[in-house]
Number of protein chains: 2
Amino acid sequence: MCKGKSEHTNEGSASVPLEKLTQPGILLLLVKDKSHGYELIQKLNQVEYIDGELEAATVYRTLRRMEQDGLIESRWEHGEFGPARRQYEITDYGRETLKHWAGGLKSRMKQIETFLENYYGLMD
Amino acid sequence: MCKGKSEHTNEGSASVPLEKLTQPGILLLLVKDKSHGYELIQKLNQVEYIDGELEAATVYRTLRRMEQDGLIESRWEHGEFGPARRQYEITDYGRETLKHWAGGLKSRMKQIETFLENYYGLMD
DNA sequence: ATATCTATGTACGTAGCGTATATAGGTATG
DNA sequence: CATACCTATATACGCTACGTACATAGATAT
């Protein structure tokens with residue numbers, strides 16, 4: 001049923017070309033409570049605003065980058081149970097950025113709405 | 001006034017980490033009428049749903065990729081005025097994909113809405 | 001002649017993400 | 001005790017999307 005399509009790994013253009021809300025999602029969770037990577041992965045894969053599933057490797061990689069950027073801070077926590085964990089907390093700069101991103105996402109949402117109005121307007 | 005922040009090129013996390021609507025935007029324009037790269041660049045930078053500005057190189061590169069993917073087709077047009085242009089048309093597969101993407105963008109918009117409700121719910 | 005507009009393209013670098021794989025401590029089961 | 005599974009973090013490789021810089025070339029205007 002499908003036509004010409006992709007030679008490389010596009011896989012029938014199955015997914016909308018719009019990134020996941022990984023960084024905003026992590027900041028939103030860390031505003032509520034400090035946490036570590038493994039727990040964040042599970043929480044992110046339960047919330048409604050994450051599209052599909054986030055891979056563990058993606059989250060760990062993103063956390064390290066966000067710490068480099070000063071959005072979050074970590075320290076090792078050697079608890080009595082299980083392996084040591086890297087405990088993350090949001091920074092003041094992270095809180096500012098989250099606020100800033102929320103404003104940007106509001107605009108982005110309106111732009112998508114405009115796109116859809118434009119599209120459905122044509123399809124009448 | 002700014003705090004710790006980035007060592008690499010994050011530039012104060014100025015922009016929301018969500019991609020532009022380049023491919024959907026191109027398809028939406030080509031559904032209305034066939035066009036060439038230079039014209040598409042100018043149109044894309046006038047519509048309301050594109051965030052910020054799209055660079056010419058980005059558009060040309062995207063058009064070539066989209067043709068490889070079978071979303072659009074081109075042929076050289078040697079007009080009487082100015083340099084030759086590559087005229088693009090949307091394919092049937094492109095129209096299907098646009099429809100598919102519109103559905104995905106609707107979901108994506110709702111997810112962003114959910115994120116914002118979650119965020120503003122915390123900030124009361 | 002020179003500058004500007006039209007028009008397309010390549011090269012290089014970065015961010016975000018997926019898949020595969022490595023490592024290592026803790027717990028449960030046979 | 002051995003083995004399997006869960007917790008927990010991390011690296012390597014590859015791909016898409018995008019920006020910046022640069023290259024090329026015909027057409028038009030001054």
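Note that the structure is a prediction, hence the values are computed from the model and not measured. Every chain is numbered from 1 and lettered A, B, ... according to where its sequence line falls, protein lines coming before strand lines.
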(message) A quick test of your reading: do over 12 heavy atoms of other residues, nucleotides or ligands sit less than 6.0 Å from CD of E67(A)?
(response) yes

(request) Over all heavy atoms of both residues, which pair between Y119(A) and K99(B) is shortest? Give the atoms and the distance, please. (result) OH-CA, 3.2 Å

(request) Find the distance D51(A):CG to dG18(C):C1' and express it as a whole number of Å. (result) 14 Å

(request) Let me know the distance between OH of Y60(B) and P of dC18(D), rounded to the nearest Å. (result) 17 Å

(message) Is it true that E48(A) and T114(B) share a donor-acceptor pair across their side chains at a distance under 3.5 Å?
(response) no

(message) With a 4.0 Å limit, can you tell me whether T58(A) has a side-chain N or O closer than that to the phosphate oxygens OP1/OP2 of dG18(C)?
(response) yes

(request) Figure out the CG/C1' separation between L63(A) and dG16(C), and round it to whole Å. (result) 14 Å

(message) As a quick check of understanding, evaluate salt bridge (charged side-chain N to carboxylate O under 4.0 Å, His left out) for E89(A) and R75(A), giving each step before the final call.
(response) CA-CA 9 Å; E89(A) 270 182 75; R75(A) 51 178 187 280; 2.9 Å; yes

(request) Find the distance R65(A):CZ to dA10(D):P and express it as a whole number of Å. (result) 15 Å

(request) Using a cut-off of strictly less than 4.0 Å, decide whether T22(B) has a side-chain nitrogen or oxygen near OP1 or OP2 of dC18(D). (result) yes

(request) Identify whether any heavy atom of A57(A) sits under 4.0 Å from a base atom; if not, whether one sits that close to sugar-phosphate; answer base, sugar-phosphate or nothing. (result) base

(request) Measure from OH on Y38(A) to P on dG25(C) and round the result to the nearest Å. (result) 17 Å

(message) So, does R64(A) get its side chain near the phosphate of dT11(D), meaning an N or O under 4.0 Å from OP1 or OP2?
(response) yes

(request) Round to a whole Å and report the spacing from CD of E55(A) to C1' of dT21(C). (result) 13 Å

(request) Examine the base of dG9(C) for any acceptor or donor lying under 3.5 Å from a partner atom in the side chain of R86(B), and report the outcome as yes or no. (result) no

(request) Give the rounded distance in Å between these two atoms: CD of E67(A) and P of dT9(D). (result) 12 Å

(message) Please check this pair: side chain of R108(A) against backbone of E19(B), looking for a donor-acceptor N/O pair closer than 3.5 Å.
(response) yes

(request) Check every strand shown and say whether E53(B) touches a base, only sugar-phosphate, or nothing at a heavy-atom separation below 4.0 Å. (result) sugar-phosphate

(request) From the options dA7(C), dC18(D), dG16(C), select the nucleotide whose nearest atom is closest to the side chain of E19(B). (result) dC18(D)

(request) Can you figure out which of dG18(C), dT9(D), dA27(D) approaches the side chain of P83(B) most closely? (result) dA27(D)

(request) Starting from P on dT9(D), measure out to CD1 on I72(A) and report it in whole angstrom. (result) 12 Å

(message) I'd like to know if R61(B) reaches the base of dG19(D) with its side chain, counting only an N/O donor and acceptor under 3.5 Å.
(response) yes

